[in-house]
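Each chain gets a letter, A, B and so on, in the order its sequence line appears, and its residues count up from 1.
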2 protein chains.
Amino acid sequence: MSVGRETRLSAWIERFAAHFAEEGIPLIGGRILGYLLVCQPVERTAAELSQELEASSGSISTNLKYLVNVGLVSKRTRRGRQAAEYRINEKAWTDFIQRKLNAIASVQTLTDDGMRLLSGDPERSMRLKTVDHLYGWLSEELPALWERRPASPK
Amino acid sequence: MSVGRETRLSAWIERFAAHFAEEGIPLIGGRILGYLLVCQPVERTAAELSQELEASSGSISTNLKYLVNVGLVSKRTRRGRQAAEYRINEKAWTDFIQRKLNAIASVQTLTDDGMRLLSGDPERSMRLKTVDHLYGWLSEELPALWERRPASPK
DNA sequence: CGATGATTTCAGTGTCGACCGAAAGGGATC
DNA sequence: GATCCCTTTCGGTCGACACTGAAATCATCG
């Protein structure tokens, strides 16, 4: 006997959240993200999320605030509705990933500063030079690659 | 009156460690990395690191174990010497960075699984599709880019 | 201007992990 | 094998952070 689609989806959401938990996003934040990516209808209130994800209203509030802040989720308020509606902002994933790539490339400024401190001492700067070269290359190539990213499909 | 080179280097080491602390590497581990990248001579014992970095022998031991494990530091033992010598393995930085890029690209398997769960429901999979496309592209391009990485300079 | 139904704030709890330092463990030399 | 010195292990402390649930706050509607 096979499990239902919704059951498998909630297992998927849990995997999704677990992945981003490793990257430092709180578990509940990851669950919200995963859930908002696949729920129907696309918009949910904080109270609904609290119920669906079995998380306290406080946690939902904190994490929604964070997610709205980084842009991954949009908040919409409507006249005549006291409850705000939240939905995934799938466009914001590009910025989200770009920040990650930038974080890697940014080490170059660090190695660069180190090289400057060791200038005039080629013996001693050999180790750093290897690392600096690699990051120097990355800080050229990653932004260039990013420029070539495809437009999202309609 | 200007500060000495060694003073500025230890400030640099601290910045270096702070950067990697944000990526989840313990502060003392980051200090060891930074220190081993610029110290003269290149090899140090655990006891020396403990003294130089003002960290307990236990912390040094734990972090060295971790760093040796991920390959960024090499341990060398010599007959007639009770103390092992540690040094930076600058070659291992390529693997270290590659793991980071892979971590980003690996989200694609997640979004892919999600898309499969939603197959036959184009309405509902629209949001995930946007994200999946982006990660699909990354999981093609990042490994390809990585192949073009330059050899380290002599 | 209450009353209602929602969200945010906040204090408190529990968990996790980094760090320390003392004790145990392991080699090397005598 | 005893000693010396270095490393690893281990119990304990501390601080950070996710999470909860209740109280405060806010907005809408009668």
Go through the structure and list residues passing ring-ring contact (aromatic ring centres under 6.0 Å, His included) with A:F16, not counting sequence neighbours.
-> A:W12, A:F20
What pairs with A:R124 under side-chain hydrogen bond (donor to acceptor under 3.5 Å, both in side chains), at least two apart in sequence or on another chain?
-> B:E6
Does some side-chain heavy atom of B:I97 sit less than 4.5 Å from a side-chain heavy atom of B:W146?
-> yes
Between A:Q51 (CD) and C:dA6 (P), how many Å, whole number?
-> 11 Å
Between protein and nucleotides 16-18 of chain C, what N or O pairs are separated by less than 3.5 Å?
none

Sequence neighbours left out, what passes salt bridge (charged side-chain N to carboxylate O under 4.0 Å, His left out) with B:R87? Give chain and number order.
-> B:E43
Grab the OH-C1' distance between A:Y66 and D:dC19 for me, whole Å please.
-> 17 Å
Residue pairs meeting salt bridge (charged side-chain N to carboxylate O under 4.0 Å, His left out), one or both in residues 130-141 of chain B, sequence neighbours left out, come to none
Just jot down the ring-ring contact (aromatic ring centres under 6.0 Å, His included) partners of A:Y135, sequence neighbours excluded, or say none.
-> none
Dump every N/O contact between nucleotides 6-8 of chain D and the protein below 3.5 Å, one line per pair.
{"unit_1": "D:dT7", "atom_1": "OP1", "unit_2": "B:A46", "atom_2": "N", "d": "3.2"}
{"unit_1": "D:dT7", "atom_1": "OP2", "unit_2": "B:A47", "atom_2": "N", "d": "2.9"}
{"unit_1": "D:dT8", "atom_1": "OP1", "unit_2": "B:K75", "atom_2": "NZ", "d": "3.1"}
{"unit_1": "D:dT8", "atom_1": "OP2", "unit_2": "B:S61", "atom_2": "OG", "d": "3.3"}

Contacts of A:R149 meeting salt bridge (charged side-chain N to carboxylate O under 4.0 Å, His left out) (sequence neighbours excluded), chain-then-number -> none
Degree of bending, the helix from C:dC1-D:dG30 to C:dC30-D:dG1 (end axes from five pairs; round to 10°) | 10°
Inter- and intrachain pairs under salt bridge (charged side-chain N to carboxylate O under 4.0 Å, His left out), touching residues 89-116 of chain B, at least two apart = A:R15-B:D113, B:E23-B:K100, B:D112-B:R116, B:D113-B:R116
Whole-Å distance, A:E54 CD to D:dG21 C1', equals 16 Å
Atom-to-atom span, CZ of A:R31 to C1' of D:dA18 - whole angstrom = 11 Å
Within a strict 4.5 Å, meaning less than it, do heavy atoms of the A:K129 and A:M115 side chains meet?
-> yes
Round to a whole Å and report the spacing from CG of A:L53 to C1' of D:dA18.
-> 15 Å
Keeping to residues at least two apart or across chains, list the side chain to side chain donor-acceptor pair (under 3.5 Å) pairs with something in residues 58-67 of chain A.
-> A:S56-A:S59
Residue pairs fulfilling salt bridge (charged side-chain N to carboxylate O under 4.0 Å, His left out) with at least one residue in residues 30-39 of chain B, sequence neighbours excluded = B:E14-B:R31
